[in-house]
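Down below is the structure, laid out as structure tokens.
Numbered from 1 within each chain, the chains take letters A, B, ... in sequence-line order.
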Amino acid sequence: MIYFDNSATTAIHPLVLDTYVQTSRRILGNPSSLHHLGSQATRLLNQSRQQIADLLGVSSEEIYFTSGGTEGNNWVIKGTALEKKGFGKHLIISSIEHAAVYKAAYQLESLGFEVSVAPVDSQGFIDVEALSQLIRPDTILVSTMVVNNEVGSIQPIKEIGELLKAYPTIHYHVDAVQALGKLPISSWLVDRVDFATFSSHKFHGPKGTGFIFWRKGRKIQPLLNGGGQESGQRSGTENVPGVVATARATRLQLEEVAEKIARQSQIQAYLIDALSQYERVVLFSKASANYAPHIICFGIKGIKGEVLVHALEEKEVIISTTSACSSRSHQEGGTLKAMGVPTELGTSAVRASLNSQTTMAEAEQFMITFNHVYQKFQQLFID
Amino acid sequence: MQYTEIMVRYGELSTKGKNRRVFINMLAANVRKALHEYPNLKIHADRDRMHLLLNGEDSQEIIPKLSHVFGIQNFSPAIRVEKDMAIIYQTACELVASVYEPGKTFKVNARRSDHDFPLDTNSLNREIGHVVLEAFPELVVQMKQPDIILRVEIRNNGAYLSCETIKGAGGLPVGSSGRGMLMLSGGIDSPVAGYLAMKRGVEIEAVHFASPPYTSEKALQKAKDLTVKLVPYVGSIQFMEVPFTEIQEEIKKHVPSGYLMTITRRMMLRITDEIREQRKGLAIINGESLGQVASQTLQSMIAINDVTHTPIIRPVVTMDKNEIIELAEKIDTFDLAIQPFEDCCTIFAPPQPKTKPKLDKAREYEQRLDVEGLVRRAISGIKVTEIRSGQRYLDGDAEEFSDLL
């Protein structure tokens with residue numbers, strides 16, 4: 001089997017799974033307990049937090065554990081709204097955000113908040129100038145993703161950060177779910193970024209865990225109230241095995257990261273070049289520094305994405321339509337629509353996504369299989 | 001910027017007359033201890049200056065560590081290059097670039113001890129200044145108190161360039177004033193007191209009273225973590241954990257509640273003094289601040305201090321709480337100190353301790369206790385731990401979970 005659906009989820013790393021199992025077995029205590037088993041769990045939790053903070057180059061007080069990307073995005077958006085509603089009720093998101101961002105924002109509309117949407121250009125990059133026009137005196141949050149999950153475009157976080165320096169009261173949140181280990185942290189975790197969302201299962205960690213970066217000095221309200229865990233900001237008994245496994249997954253993901261990025265870029269360039277040789281293939285991703293190295297979005301004109309996914313699946317090649325989270329709804333990718341791609345072309349789109357262990361041999365095998373499938377479809381084309 | 005040498009200027013040592021050599025040697029030993037992780041580093045302690053030859057060790061790691069060593073007024077990291085004007089020009093520009101901002105004022109300060117070098121001091125100033133100004137046209141030359149002083153020294157073994165002077169920790173070399181026992185509770189004040197005592201050259205050892213199960217393991221770990229924060233100034237600190245449960249229970253049983261605190265403090269001071277005697281210390285240091293709590297009124301001090309003639313140094317005695325907190329934040333002990341665990345000062349705290357205890361009453365109530373036996377048993381149960389930098393107690397040893405992380 002060739003698994004090229006790593007943007008949907010990744011296989012858990014064997015060492016990370018080992019950590020998860022060992023922690024579940026060995027660490028019995030609830031970190032909130034006073035006795036030594038509780039202290040032991042607390043120490044492990046703190047060390048995990050410290051390790052992630054060190055790897056990101058931030059302070060351990062700036063890391064809060066969550067149940068994953070969806071919770072992180074919901075928390076920052078709604079938590080900002082609750083905290084700053086007295087200052088303003090206007091949010092800005094981009095037109096290519098994940099549903100966990102835009103649906104969280106739209107839910108707030110029923111409570112009297114307004115949401116503005118910053119457009120992207122035809123290549124899938126947020127138009128910073130247009131975004132700047134949307135800022136109002138009552139804007140409390142700007143939320144943009146770092147790497148688009150459908151086409152892989154890397155968003156101009158630095159430029160948006162520079163723009164927002166003139167508006168110091170606005171929270172700037174980035175959805176970094178697709179970013180960790182795919183581009184240098186320093187290129188997007190810049191000074192002006194106040195919050196960032198991470199999800200463990202996107203980088204070979206366990207599902208159902210994640211964390212947010214929350215810059216010291218900023219304030220948001222908790223969504224989960226209760227026993228006061230996570231410094232009172234996110235109650236609920238800590239998922240200790242998940243947290244520890246996340247810490248290990250983060251470390252492994254960032255080990256030799258430059259080499260891993262280079263290798264994925266090389267495979268991506270090969271795939272894009274090979275796919276572009278086919279007359280009816282249309283590419284939505286590019287092999288350039290502006291695109292993440294692990295995502296290739298493309299389609300065969302006239303063939304629905306869903307059909308191509310199943311055709312490849314029969315031959316044990318796993319890819320997806322543009323976003324696993326919306327692929328069941330038979331819609332074209334929201335990103336492609338926002339890029340102005342015509343609907344009939346947009347519905348043909350599929351996404352192949354790599355990981356750091358992907359080999360060139362797999363990519364070559366992928367192309368052989370793709371060729372078979374393509375030739376079969378070829379008979380259907382009547383031009 | 002990677003430097004090759006650091007020139008250290010002494011603090012008050014320069015005024016120490018005949019004892020000067022002793023102070024300098026002590027400082028050199030402390031610098032060596034603080035930088036023990038860098039084996040290639042060589043230390044030359046001269047009468048007026050100390051030179052650290054880095055021999056390839058990372059100056060960016062060493063500089064922050066050096067800035068914690070007491071007895072240093074300031075220091076200048078320098079680069080040694082060949083005595084070739086082209087190289088000197090290039091290095092000068094690189095150095096200035098690392099601190100340059102448009103509009104800053106600037107001068108060159110050249111010295112020449114190698115008199116065979118073709119350019120004399122004035123020519124050096126002029127030529128190097130010219131090259132730097134060409135590279136950075138927005139620099140403004142100013143002779144009096146410029147923002148950037150580029151020092152260039154032509155010695156026999158090379159040309160030395162530096163343009164940064166970094167403030168040292170000041171004070172006296174730790175150990176030069178002898179040894180003292182720091183009564184370390186785990187609050188905000190005592191670590192600050194320890195820091196200030198070290199600044200005046202006192203080598204400290206920490207004394208902590210633990211009363212399990214009334215005090216938690218976490219309170220003890222916190223006290224050790226606080227000690228870790230004080231280690232960078234000395235290299236390592238001996239931490240003495242005194243078992244205090246029996247004494248607190250005895251006091252609770254026999255002493256009226258108004259005098260619980262006073263008698264407890266007298267016992268603590270007695271034990272600390274006994275430890276001091278055994279460990280050849282000359283003083284006791286504590287974090288008392290006048291009037292802060294009932295045990296820190298002048299009347300209380302009379303009633304408590306009564307048990308010893310040893311000098312008690314109270315570095316924060318006249319400081320406001322806010323001033324102490326400011327220092328605690330500076331030495332990074334504040335966040336730790338405010339973590340809430342039961343410590344020996346809070347248990348059995350009576351609702352209304354006497355703020356003006358009477359000395360004769362304190363002596364009288366104390367006679368109900370077997371003072372000598374209690375002290376002897378506490379002393380014999382002391383656990384000594386050497387606290388070194390990088391250790392973690394509340395968060396556990398880095399090794400503890402290394403297989404999981």
Legend entry - B/K383, NZ atom: more than 12 neighbouring heavy atoms under 6.0 Å: no
Inset, instruction - Tabulate, in ascending numerical order, the residues of residues 226-259 of chain A having at least one heavy atom closer than 4.5 Å to a heavy atom of chain B, or enter 'none'. - result: A/V244, A/A247, A/R248, A/R251
Inset, instruction - Measure the spacing between CG of B/D335 and CD of A/E61 and express it to the nearest 0.5 Å. - result: 6.0 Å
Legend entry - Heavy-atom contacts under 4.5 Å, residues 181-199 of chain A to chain B: none
Legend entry - A/Q51 side-chain N/O to B/L405 backbone N/O, donor-acceptor pair under 3.5 Å: yes
Inset, instruction - Report, as yes or no, whether the 6.0 Å neighbourhood of atom NE2 on A/H36 holds more than 12 heavy atoms from other residues, nucleotides or ligands. - result: no
Inset, instruction - For atom CD of B/E326, decide whether the heavy atoms of other residues, nucleotides or ligands shown that lie under 6.0 angstrom number more than 12. - result: no
Inset, instruction - Could you tell me the separation between the CG atom of A/L15 and the CG atom of B/D403, rounded to the nearest 0.5 Å? - result: 11.0 Å
Legend entry - Neighbour count above 12 (heavy atom, 6.0 Å) for A/K158 NZ: no
Legend entry - Rounded distance (nearest 0.5 Å) linking atom CD of B/E400 with atom CZ of A/R43: 4.0 Å
Inset, instruction - Give, as side chain, backbone, both or neither, the part of A/Q40 having an atom under 4.5 angstrom from any heavy atom of chain B. - result: both
Inset, instruction - Answer whether the closest heavy-atom distance between the side chains of B/L404 and A/Q47 falls below 4.5 Å. - result: no
Inset, instruction - Nearest 0.5 Å please: distance from the CZ atom of B/F401 over to the CG atom of A/L45. - result: 10.0 Å
Legend entry - Where B/K218 and A/S39 come nearest, the two heavy atoms and their spacing: CE-OG, 3.3 Å
Inset, instruction - Please say whether more than 12 non-hydrogen atoms of neighbouring residues, nucleotides or ligands are located less than 6.0 Å from CG in A/L34. - result: no
